[in-house]
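What follows is a short report on a single structure.
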Amino acid sequence: MSVINTGAKYNDDVFQFSVGLNGSAPRLSCLSSAFRVVAYREGRQFEARFEKGVLKYKRETEAKKEPNGTLVEFTPDLEIFGDYAYNSEFVEKRMWNYAYLNSGLTLSFNGGDYASKNGLHDLLYAESATLRCTT
């Protein structure tokens, strides 16, 4: 989580946007005053906490009741970003896009959950959509 590498995909014609923690998480930890990631896998929990990109804490424990998944929390560094504000409309739209592309995935942002049971089908056929956004 602290080694920066590219999360991008390249070909001869275009730079393509790619989603994944291995490219974005190390950058995010360096740009955050506080950054925490917890991975839940097969009954185990792996947690790491960073401050301004520096590992401050890590541990591995049992997590019997947690489903497999990853939690990422961060606070942007005020020394870098100053007085910032999220563009919530942009973030919400991006959350829905990821939910459509990953049916069964639940994404959370500021207390709201974004999930699409049927993935792209929900995006294309809104009248039969089973979307869920709760706050």
Side-chain angles (χ1 to χ4, degrees):
M1 295 304 293
S2 61
V3 176
I4 295 178
N5 61 8
T6 182
K9 307 293 183 241
Y10 298 90
N11 67 22
D12 292 340
D13 300 318
V14 68
F15 164 81
Q16 297 175 347
F17 181 74
S18 175
V19 177
L21 288 177
N22 69 341
S24 58
R27 289 169 183 78
L28 189 57
S29 74
C30 290
L31 298 172
S32 301
S33 58
F35 178 84
R36 176 179 174 239
V37 62
V38 184
Y40 302 98
R41 299 288 180 272
E42 300 172 1
R44 303 295 301 161
Q45 172 181 320
F46 307 90
E47 179 179 2
R49 294 182 191 174
F50 298 82
E51 292 177 12
K52 299 184 178 193
V54 176
L55 180 64
K56 296 292 185 177
Y57 172 85
K58 68 178 181 176
R59 74 176 177 167
E60 178 180 344
T61 59
E62 234 178 312
K64 290 182 180 181
K65 296 182 180 185
E66 291 293 336
N68 287 349
T70 306
L71 169 71
V72 177
E73 299 174 326
F74 66 94
T75 303
D77 188 337
L78 293 176
E79 291 179 15
I80 296 171
F81 295 102
D83 188 23
Y84 67 89
Y86 291 105
N87 180 337
S88 294
E89 183 179 328
F90 175 84
V91 174
E92 182 175 322
K93 188 174 184 178
R94 191 65 87 173
M95 294 291 213
W96 279 124
N97 288 342
Y98 294 149
Y100 292 136
L101 291 173
N102 299 279
S103 60
L105 174 69
T106 299
L107 300 153
S108 299
F109 173 67
N110 286 352
D113 289 339
Y114 301 84
S116 171
K117 181 179 179 185
N118 300 307
L120 289 174
H121 185 272
D122 288 343
L123 176 63
L124 298 173
Y125 302 100
E127 67 277 1
S128 63
T130 54
L131 303 178
R132 177 173 51 98
C133 179
T134 58
T135 54

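Here the side chains of Leu28 and Val72 are in contact, with some heavy-atom distance below 4.5 Å. Residues Trp96 and Leu107 form no side-chain contact, since every pair of their non-hydrogen atoms from C-beta on lies 4.5 Å or further apart.
Under the rule for a side chain to side chain contact (heavy atoms under 4.5 Å, CB included), the partners of Glu62 that lie at least two apart in sequence or sit in another chain are Arg44, Lys64. Here Ser108 pairs with Asp113 under the side chain to side chain donor-acceptor pair (under 3.5 Å) rule; sequence neighbours left out. Glu79 is linked by a side chain to side chain contact (heavy atoms under 4.5 Å, CB included) to Lys52, Asp77, counting only residues two or more places apart in sequence or in another chain. In this structure Arg36 satisfies the side chain to side chain contact (heavy atoms under 4.5 Å, CB included) test together with Val38, Glu47, Arg49, Leu71, Glu73, sequence neighbours excluded.
Among pairs with a residue in residues 60-90, those fulfilling ring pair (Phe, Tyr, Trp, His ring centres under 6.0 Å) read Tyr84-Tyr86, Tyr86-Phe109, at least two apart in sequence or across chains. Under the salt bridge (charged side-chain N to carboxylate O under 4.0 Å, His left out) criterion, no residue pair touches residues 81-91, with sequence neighbours excluded.
Val54 and Ile80 fall into different hydrophobic clusters, where Ile, Leu, Val, Met, Phe, Trp and Tyr are joined by side-chain heavy atoms under 4.5 Å apart, directly or via other members. Under the 4.5 Å side-chain heavy-atom criterion for grouping Ile, Leu, Val, Met, Phe, Trp and Tyr, Leu78 is connected to Phe50 within one hydrophobic cluster.
Across all their heavy atoms, Ser103 and Gly119 have their closest contact at CB-N, 3.5 Å.
With side-chain heavy atoms closer than 4.5 Å counting as contact, directly or through intermediates, Phe46 stands alone and belongs to no larger hydrophobic cluster.
Summarising the geometry, atom CG belonging to Leu123 is positioned 8.0 Å from atom CG belonging to Leu101; distances are rounded to the nearest 0.5 Å.
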